[in-house]
There are 2 protein chains.
Amino acid sequence: MTILFADDEDRDRGWLRNLLEENVKDHPLHEAHDGQEAVEMAIKIKPDLVFLDIKMPNLSGIKAAEQILEKLPSTGVIMLSNFSDEVYVRQLWKIVPPDGAFGYVLKNASNEQVVEACRAVLSGDCWIHPGIARVIQRTQNRATNLTSAEYEALVCISLGMTDHTIAKRLFLTEKAVQSRLKSLYAKLGIPGRGESNETEFNQRCRAVYLANKRGLINQQELDEWEAKLGAKAGA
Amino acid sequence: MTILFADDEDRDRGWLRNLLEENVKDHPLHEAHDGQEAVEMAIKIKPDLVFLDIKMPNLSGIKAAEQILEKLPSTGVIMLSNFSDEVYVRQLWKIVPPDGAFGYVLKNASNEQVVEACRAVLSGDCWIHPGIARVIQRTQNRATNLTSAEYEALVCISLGMTDHTIAKRLFLTEKAVQSRLKSLYAKLGIPGRGESNETEFNQRCRAVYLANKRGLINQQELDEWEAKLGAKAGA
DNA sequence: CAATTGTCCAGGGAAAACCCCAGAGGCGCC
DNA sequence: GGCGCCTCTGGGGTTTTCCCTGGACAATTG
């Protein structure tokens with residue numbers, strides 16, 4: 001029962017170490033300081049359980065988890081996050097094997113909750129922080145869950161692209177782009193021009209605002225997309 | 001030399017207490033758990049130094065600082081923040097008396113840095129975290145520093161309002177709104193339609209993206225504005 | 001005082017965003 | 001097979017946003 005945990009913040013790492021030493025005894029503990037290191041160490045020591053901070057330099061916790069699960073699918077993974085962002089839940093959902101055990105705990109969790117999550121995952125169960133229960137629900141709700149096409153469009157307008165630019169980048173017609181946007185607006189519940197007698201919105205900006213508010217996107221994610229799409233454009 | 005510190009997170013509060021006990025000896029320490037409590041305690045015990053987390057329930061650290069400085073202008077204030085958001089620096093700049101001592105430290109600061117900031121403020125100096133030096137610079141640069149009119153416009157489009165809606169809310173003509181937006185775009189360095197041969201942007205959304213990226217605005221701030229402006233609209 | 005800067009306002013024009021309608025192909029599911 | 005869902009497509013429209021030029025006023029600054 002080996003445990004690996006990765007976090008770039010000294011303070012959080014210390015907290016986690018103390019916590020695990022006291023409460024989950026007799027497990028060898030290993031520390032990593034970023035995502036890259038976590039992956040390398042995991043492959044070497046083949047831990048049963050991995051704690052990963054989401055926000056880490058070099059390699060995000062999500063991507064680290066992806067690589068680790070690729071090589072060692074039976075590893076238990078517990079994500080640590082400061083935020084209840086839906087983006088991450090989305091991504092995690094994709095990379096975790098259907099029968100895999102994983103946990104998602106927010107950093108403001110109590111010590112007991114972390115221990116609980118730890119025990120659950122070690123015994124093959126999942127543990128989801130109460131604070132993101134509703135987020136999980138939303139990702140499984142038909143009416144509000146975005147398709148990947150809609151999500152792509154959302155990212156693009158969030159970066160400030162025009163319909164025309166999006167069409168070029170994604171190899172679509174402008175009509176297709178507008179079609180995606182239309183259904184995106186509908187799913188986010190943004191009233192159209194005719195509807196809703198008083199409040200008038202610029203749907204494009206409103207969509208960005210709501211998406212941010214719901215944690216569908218966040219600045220870090222967008223910056224990565226910007227780098228990706230920008231590079232494609234330059235070529 | 002009394003010290004008061006306020007933070008809603010148990011973990012951070014414990015960290016701060018230990019740190020101060022060990023390094024800044026012989027000062028009575030007082031804890032508050034939110035902004036409101038911090039203000040009340042400050043008025044009672046009249047501390048020489050106050051640590052305030054920016055993100056707190058009931059009353060934000062900024063607002064708490066404002067109220068404390070109103071009653072006790074000679075209090076030294078050190079803000080603790082997770083982020084290097086320009087919004088907060090903007091706001092802090094306004095409420096701190098010109099000759100007041102204050103500090104701004106990010107939460108990922110080392111223990112030494114916190115002690116250093118503490119000592120500086122106690123002896124009447126300011127201490128600004130290295131990570132936000134450039135942000136401070138920008139707030140004082142003519143070409144990039146937004147006027148309050150431009151900032152208002154920025155907030156409004158970030159919330160997803162149309163020109164027309166903004167005009168109504170702010171009691172302006174649409175032309176005036178567009179005028180504000182135009183200079184906002186210019187200051188953010190967003191190329192217009194004709195310029196910049198290839199890259200085409202939807203300036204409105206692009207402005208929101210860049211403003212978020214630079215920390216001019218953030219979700220929490222926007223939510224507060226939304227509540228404020230929404231209420232005004234309902235009346 | 002003059003010069004600068006920020007703000008507001010105007011008209012007219014081009015482009016982008018959004019609206020409604022409808023249809024067709026692909027996909028998985030019962 | 002029939003059904004629903006997602007997606008792209010088309011035509012033909014309205015509204016909004018953005019552009020340009022230009023003027024007026026107040027406050028600040030040299």
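Everything numeric in this text was worked out from a predicted model, so none of it was measured. Just so we're on the same page: letters track the sequence lines, and every chain starts at 1.
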Checklist entry - What is the minimum heavy-atom distance between B:S158 and B:I217, and which atoms define it? => result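 Looks like OG-CD1, 3.2 Å.
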
Checklist entry - Closest approach of B:M161 and A:N202, non-hydrogen atoms and distance? => result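 Where B:M161 meets A:N202 most closely, the heavy atoms are O-CB, 3.8 Å.
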
Using a cut-off of less than 4.0 Å, is there contact between a side-chain N or O of [X] and OP1 or OP2 of [N]?
X: B:N202; N: C:dA17; value: yes
X: B:T162; N: D:dT15; value: no
X: B:R180; N: C:dC8; value: yes
X: A:T173; N: D:dC8; value: no

Checklist entry - For B:Q219 and A:Y209, does a side-chain donor sit closer than 3.5 Å to a side-chain acceptor? => result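 No, no side-chain donor-acceptor pair sits under 3.5 Å.
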
Checklist entry - Counting any heavy atom closer than 4.0 Å, what does A:Q203 reach on the DNA or RNA strands: base, sugar-phosphate only, or nothing? => result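 A:Q203: backbone/sugar contact only, no base atoms under 4.0 Å.
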
Next on the checklist: Over all strands shown, is B:S179 touching base, sugar-phosphate only, or nothing at heavy-atom distances under 4.0 angstrom?
Outcome noted: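 B:S179: base contact, heavy atoms under 4.0 Å.
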
Checklist entry - CG of B:L184 versus P of C:dC8: gap in Å, rounded? => result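 That distance rounds to 13 Å.
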
Checklist entry - Separation of A:E174 atom CD from D:dC8 atom P, in whole Å? => result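 Spelled out: CD on A:E174 to P on D:dC8 is 14 Å.
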
Item to check | side chain to side chain contact (heavy atoms under 4.5 Å, CB included) evaluation trace for A:I62 with A:I54 | outcome: CA-CA 6 Å; A:I62 294 278; A:I54 288 215; 4.2 Å; yes

Next on the checklist: From the set C:dC9, C:dC19, D:dT7, return the single nucleotide nearest to any side-chain atom of A:Q178.
Outcome noted: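 So the side chain of A:Q178 is nearest to C:dC19.
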
Next on the checklist: Looking at the base of D:dG23, is there any donor atom on it, or on the side chain of B:K175, that sits under 3.5 Å from an acceptor on the other one?
Outcome noted: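 No.
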
